[in-house]
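Structure record follows, encoded as structure tokens.
Lettering of chains follows the sequences in order, A, B, ..., and the numbering in each one begins at 1.
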Protein chains: 2
Amino acid sequence: MAHLTVSVEYAIHCLLWLAGSAGAPLSSRDLAELQGISQSFLAKIFPKLEKAGIVVGSEGVRGGYRLARAPAEISVLQIVDAIEGDKPLFDCQEIRDRCAVFGDAPPVWATAGVCAIHAVMLKAEQAMRDELAAHTLADLAVTFAGKAPPEFILQVQDWMTERAGARKPGRQSKPEPPS
Amino acid sequence: MAHLTVSVEYAIHCLLWLAGSAGAPLSSRDLAELQGISQSFLAKIFPKLEKAGIVVGSEGVRGGYRLARAPAEISVLQIVDAIEGDKPLFDCQEIRDRCAVFGDAPPVWATAGVCAIHAVMLKAEQAMRDELAAHTLADLAVTFAGKAPPEFILQVQDWMTERAGARKPGRQSKPEPPS
DNA sequence: TAAACGCGGAGTCATATAGTCTGCGTTACC
DNA sequence: GGTAACGCAGACTATATGACTCCGCGTTTA
């Protein structure tokens with residue numbers, strides 16, 4: 001068939017973490033390392049989410065990203081559109097008015113309305129989009145909460161604060177050994 | 001979003017012509033020229049349709065392709081699958097068990113079952129496939145027949161026979177002037 | 001003032017799409 | 001029985017896109 005990019009996958013995973021962070025901003029670097037994905041690549045994904053109004057970024061030392069609105073108000077479709085743009089499923093080449101018997105001037109009946117094949121593809125695309133629109137970040141968060149044990153949340157919070165602390169000279173001795 | 005290839009579009013258009021040819025085989029070269037698309041490219045598409053059991057090819061001089069079964073028994077989904085293979089809409093990277101707090105050994109609860117995000121994508125893909133499966137070549141042929149005037153069918157038949165005649169030395173004088 | 005942030009652009013590498021260009025074996029027809 | 005129209009298969013190319021990396025700038029906070 002076709003294929004949604006890994007950027008979409010990264011984005012949704014990150015947004016799920018943001019949904020669980022209770023409004024506190026998380027940096028893209030932390031999110032990348034927490035999930036074992038590329039920092040620089042993730043850094044190119046968040047601006048798209050910001051332009052789409054899904055997250056808001058704050059610059060500076062304790063900056064990062066937080067959700068622009070409640071998780072229940074963010075659908076999977078909105079995320080996909082933010083990342084992928086509005087590339088259609090099917091790109092009609094209008095072959096119907098290229099028929100050899102028409103010569104250079106295809107008749108009106110051949111070019112009027114939407115190509116029947118295109119119409120089917122549009123309906124299929126709409127069905128997919130409807131399904132994506134029917135699921136929100138809140139739904140995903142509930143599913144996740146049903147699987148993860150309570151102590152996991154604490155472990156992640158520890159990991160976050162430890163990371164923040166390691167950066168401040170005066171706590172952990174982790175000067176990042178160069179390779 | 002993602003994107004169905006032009007091969008799918010070419011295939012469906014060609015199959016529609018085959019559906020209207022009343023069992024008479026049409027050559028891929030004729031079909032390409034009739035629709036103003038590449039002959040050599042179209043020649044790479046038909047073997048896929050044949051392997052999928054949608055068309056049957058006959059070699060030799062008056063050979064070509066014809067439908068393997070009735071148009072009503074050929075869904076758009078079958079054509080798409082024949083051309084594109086079974087590439088999934090979403091290719092889950094299993095990020096969930098890559099979480100940094102897990103270290104090298106992700107717990108069972110994190111890897112059990114289907115990833116929640118993946119599950120949403122699977123439902124969306126299924127919705128799209130259901131819609132594609134709901135439309136057949138026969139449906140498309142009906143829509144087309146509702147638009148094209150009766151004389152168009154005759155014009156195409158003329159075009160076909162004229163092409164066949166031009167090839168036989170002894171009727172039309174069209175020795176294909178070399179460019 | 002330095003380090004942690006978000007931004008933005010340029011550049012790399014691999015894969016896939018959309019094509020082309022051969023050649024080979026088969027078949028019908030004169 | 002040869003030639004031309006067929007299907008069939010493989011090698012080749014060019015362009016685009018996805019998945020990154022690298023670099024540098026402006027902002028903010030401790």
Worksheet item: For the side chain of B/E84 and the backbone of B/V80, is there at least one donor-acceptor N/O pair under 3.5 Å apart?
Response: no
Worksheet entry | Length of the CG-C1' vector between A/L42 and C/dG8, whole Å | 16 Å
Worksheet item: What nucleotide among C/dT17, D/dG7, D/dC6 has an atom nearest to a side-chain atom of B/T5?
Response: C/dT17
Please table the atom pairs, donor to acceptor, closer than 3.5 Å between any side-chain atom in residues 132-149 of chain A and protein atoms at least two apart or in another chain.
from	atom 1	to	atom 2	distance (Å)
A/H135	NE2	A/E131	OE2	3.1
A/T136	OG1	A/A138	N	3.3
A/T136	OG1	A/D139	N	3.3
A/D139	OD2	A/T136	N	3.0
A/T143	OG1	A/D139	O	3.1
A/K147	NZ	B/A112	O	2.7

Fill in: Separation of D/dC6 C1' from B/R66 CZ (nearest whole Å)
15 Å
Worksheet item: Is the backbone N or O of B/T111 less than 3.5 Å from a side-chain atom of B/R96, with the two atoms forming a donor-acceptor pair by type?
Response: yes
Discussion item. In whole Å, I'd like the distance from the CG atom of B/L49 to the P atom of D/dG7.
Written reply: 13 Å
Fill in: Nearest-Å distance for atom pair CD/P, residues A/E59 and D/dT29
10 Å
Worksheet, complete the sentence: note: B/H3, atom NE2; C/dT17, atom P; distance rounded to Å ~ 10 Å
Worksheet item: Quick check: does any side chain N or O of A/E59 sit under 3.5 Å from a backbone N or O of A/G57, one acting as donor and the other as acceptor?
Response: no
Worksheet item: Would you say A/Q78's side chain and A/S75's backbone share a donor-acceptor pair under 3.5 angstrom?
Response: yes
Worksheet item: With a non-hydrogen cut-off below 4.0 angstrom, is B/Y65 in contact with a base, only sugar-phosphate, or nothing?
Response: sugar-phosphate
Worksheet item: So B/Y65 and B/F46, would you call those rings parallel, tilted or perpendicular, with 30° and 60° as cut-offs?
Response: parallel
Fill in: Test item: A/M121 and B/V8 side chains (from C-beta on) under 4.5 Å apart, heavy atoms
yes
Practice prompt. Give a yes/no on whether any side-chain N or O of A/S28 is located under 4.0 angstrom from OP1 or OP2 of C/dG6.
Written response: yes
Fill in: Nearest-Å distance for atom pair NZ/C1', residues A/K87 and D/dG18
9 Å
Worksheet item: Rounded to whole angstrom units, what separation is found between the CZ atom of A/F46 and the C1' atom of C/dC7?
Response: 14 Å
Please tabulate, one pair per line, each protein N/O and nucleotide N/O from nucleotides 19-21 of chain C that are separated by under 3.5 Å, including the distance.
from	atom 1	to	atom 2	distance (Å)
C/dG19	OP2	B/Y10	OH	3.4
C/dT20	OP2	B/S38	OG	2.3
C/dT20	OP2	B/S40	OG	3.2

Discussion item. Can you identify which nucleotide, out of D/dG7, C/dC5, C/dG8, has its nearest atom closest to the B/R29 side chain?
Written reply: D/dG7
Worksheet entry | B/K48 NZ - D/dG10 C1' separation (whole Å) | 14 Å
